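The figures here come from the full heavy-atom set of this structure, side chains too, leaving out hydrogens, waters and symmetry mates. Order of the sequence lines sets the chain letters (A, B, ...), proteins ahead of strands, with each chain counted from 1. Keep in mind the model is a prediction, meaning the values are calculated, not measured.
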Amino acid sequence: MSEPEKIAPARKDFIREIVEEDIRQGTFGGKVVTRFPPEPNGYLHIGHAKAIHIDFGVAADYGGRCHLRFDDTNPAKEDQEYIDAIQRDVRWLGRDWGEHLYFASDYFERMLGWAEELIRQGKAYVDDLSADEITAHRGTLTEPGRASPYRDRSVEENLDLFRRMQAGEFPDGSKVLRAKIDMASPNLNLRDPVMYRILHREHHRQGNRFCVYPMYDWAHGLEDSIEGVTHSLCSLEFENHRPLYDWFLDQLGVHHPKQIEFARLNLTYTMMSKRRLLELVQRGVVRGWDDPRMPTIAGLRRRGYTPEAIREFCRLIGVDKTNSTVDIQLLEHCLREDLNRRAMRFMGVLRPLRLVIENYPEGKSETFEAPANPEDPAAGTRAVPFSKVLYIEQDDFREDPPKQFFRLAPGREVRLRAAYFVRCERVKKDERGNVVEVVCSYDPATRGGDAPDGRKVKSTLHWVSAQHAIEAEVRLYEHLFTKPDPDDVAEGQTWLDNVNPRSEEVLQGCRLEPALAERPAGFTCQLERLGYFCVDPDSRPGHLVLNRTISLKDAWAKIEKKAKA
RNA sequence: UGAGGCGUCGUCCAAUGGCAGGACAACGGACUUUGGAUCCGUCUAUGGAGGUUCGAAUCCUCCCGCCUCAGCCA
């Protein structure tokens, strides 16, 4: 018997190749353990989604496990709010860390022990230099550094001093513990890096138990080692830190994971820096971390993105070491593809224009069955009420239609989706000359939307019945930044000058078909011809708020744009 | 100009000495009761110069360009 046919494996990226080779060689006993190690100092964004996809994905592919570990080594920046939000977001993305939820701060005690061991080995010392002096002693990219005058203190003195640092005898900034490596190393990270700084600051989980806190380079490898991580996946900027990661673990002789670096995600029209996202929140540029314009997971969720779309996006962009900027249209493509398959269809009018059918009986109304989703016949149909007075989209009528405009115009016949053909007989205007009402006639023989005589119309319009419609607030979005690269600024300007002033447009008085009433926050649908929308948590009984997740591809908009150019 | 890393269509990713391929975008067409969706087609790339080889994106040499590092942030 031959082996059962295997499904072609997913393309192998360089990380998976390394992992597979390690499994073949039995490097870590054939095991695969990864971790996603966020610092709880902000919300997760789409860039983290890529990392999560890699960290959890690699583990899953090889029957391993992935830990969620909070790298909470800096109490000055961290907060429980972020811990909660991060867990919610990772879970929402469909990832499960099982029992493996960890906190770096739970390892502080053991790290302190290892630090003392390093001191005893003569490989770490307490330095009294100020931060500025340490910087000055570090040298430059082309010149070696100079030894601190405190570099050769005795083991006993170092031990004593370090214990008194821990006991809180010294003020912030007065002393640090440094590794004694090589002040002349061409890799600046090896020029006696700081391991501990004094911080009299309450930690969100440890309270006031500690007043020295470990630095990333010292702590991270130990965290990985303690947890039995085999492959420590991180982004490219840590490449220069790998020799240090390795050095600490080698001195201690403990389990030594392999650090592998990959390129972080950049997206056009998007800012990925946590610090700057925080700034947008603090300045009130956006409504919060979960503003639908934010690239945060929380923002994407509120906007109406699905975990499936994000995961597919992560799959398509792949993993590499090349710095790259992905076109945001790829993300949007993944979104549309997913939503098109699943979203129920409804009709709604964003900017209502009154349409009266003069030969339709006063007071009459009838109901049409429209497909819930043409992509999915199993979804069935929905009932849409129709009557003499309707609303159509202002954009769907032109008194003087330009070339290639196929929608309604005086004398022209169009189809009202799932209802009748109507012909524009005349318009009514206000004193300023604006069209305020379109008067039409309808052909009763076209009921359901087809003409028995076989005549065609060039356009199908969406509509709602005025007396049956519900009102809603609809929020439309554009990219948060006006430039593909938000850092592309003129002299004297900053990235904040590239914030798109029209990134959010709030429309009141929109009209929706009644089937949309009372939908819960997060409900996603397509408004035909307009795009995908979802119910915003700002909705209140009687006041529905919809976010436009993404528009449909719009051929007419393209034609118009080209005509203008 | 020290060290580390990276250069393939406009963008992202394949091809691991043997016909440079896919996706997105763009453009054009078919179809359409969503100007949606779907389908078909077109376009464009190995940073440069040498070398090895029957054969190079791939191996070698040199050059060029870009990214990262001088936090008591991660």
Side-chain angles (χ1 to χ4, degrees), chain A residues 11-13 17 37-39 41 71 73-74 76-77 127 129-132 134-145 172-178 185-191 193-199 212-213 215-217 219-220 234-243 261 263 265 268 274-275 316-334 336-337 340-341 345 347 370-371 374-375 404-407 415-419 421 446 448-450 456-462 484 526-531 551-559:
Chain A
R11 259 198 336 252
K12 265 181 215 82
D13 52 70
E17 277 176 9
E39 183 188 14
N41 67 343
D71 204 4
T73 57
N74 185 354
K77 292 184 173 179
D127 195 349
L129 252 29
S130 70
D132 286 347
I134 287 179
T135 301
H137 279 71
R138 187 147 27 225
T140 68
L141 295 177
T142 49
E143 302 157 16
D172 288 5
S174 59
K175 285 178 170 45
V176 291
L177 183 73
R178 299 177 74 175
S185 171
N187 181 339
L188 270 48
N189 296 123
L190 262 20
R191 319 243 262 228
V194 173
M195 294 165 62
Y196 280 95
R197 74 283 214 190
I198 300 172
L199 233 42
V212 297
Y213 289 92
M215 298 290 292
Y216 172 88
D217 286 311
H220 203 85
C234 61
S235 45
L236 247 31
E237 67 267 31
F238 293 104
E239 220 155 14
N240 295 333
H241 295 245
R242 190 178 349 118
E261 312 84 10
L265 171 68
T268 57
K274 263 202 225 176
R275 208 197 87 240
L316 288 178
I317 57 173
V319 192
D320 201 52
K321 295 190 72 151
T322 315
N323 279 313
S324 64
T325 301
V326 176
D327 192 335
I328 195 165
Q329 288 184 106
L330 181 60
L331 213 211
E332 296 174 342
H333 162 78
C334 294
R336 287 192 179 102
E337 191 176 62
N340 176 50
R341 202 163 43 225
R345 269 61 168 176
M347 288 194 284
E375 301 295 315
Q404 294 187 88
F405 182 90
F406 302 140
R407 282 113 94 145
R415 175 189 298 111
L416 295 179
R417 170 79 162 149
F421 284 11
T446 58
D450 267 321
K456 302 288 184 195
V457 289
K458 296 204 75 169
S459 182
T460 300
L461 271 38
H462 60 274
Q526 182 192 106
L527 292 186
E528 290 196 88
R529 302 212 302 138
L530 296 175
S551 67
L552 259 22
K553 284 206 248 171
D554 189 344
W556 169 243
K558 211 176 261 183
I559 292 168

If you pin A:H333 and A:I559 to their nearest nucleotides in RNA chain B, which one's is more 5'?
->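 Of the two residues, A:H333 wins.
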[N] phosphate, OP1 or OP2: any side-chain N/O from [X] under 4.0 angstrom?
X	N	value
A:R138	B:G71	yes
A:R197	B:C73	yes
A:K458	B:G35	no
A:S324	B:U11	no

Have a look at [X] and say if it touches a base, only the backbone sugar-phosphate, or nothing, with a 4.0 Å heavy-atom cut-off.
X	result
A:I198	nothing
A:T73	sugar-phosphate
A:L416	nothing

Could you tell me the Watson-Crick or G-U partner of [N], where both distances fall under 3.5 Å? Say none if there is no partner.
N	value
B:A23	B:U11
B:C43	none
B:C66	B:G5

Ignoring hydrogens and angles, answer whether the base of B:G36 and the side-chain atoms of A:R336 contain a donor-acceptor pair closer than 3.5 Å.
-> no
Can you find a donor-acceptor N/O pair under 3.5 angstrom joining the side chain of A:Q526 to the base of B:U34?
-> yes
Annotated protein contacts, base or backbone, on nucleotides 1-7 of chain B with a non-hydrogen cut-off under 4.0 Å, one of B, S, - each | SBSSSSS
Syn versus anti for B:G5, judged by chi lying within 90° of 0?
-> anti
Polar-atom pairs under 3.5 Å, protein N or O versus N or O of nucleotides 39-46 of chain B: list them with distances, or write none.
none

Atom pairs under 3.5 Å, N or O on each side, protein against nucleotides 15-17 of chain B: can you list them with distances?
{"from": "B:U16", "atom 1": "O4", "to": "A:E17", "atom 2": "OE1", "distance (Å)": "3.4"}
{"from": "B:U16", "atom 1": "O4", "to": "A:E17", "atom 2": "OE2", "distance (Å)": "2.9"}

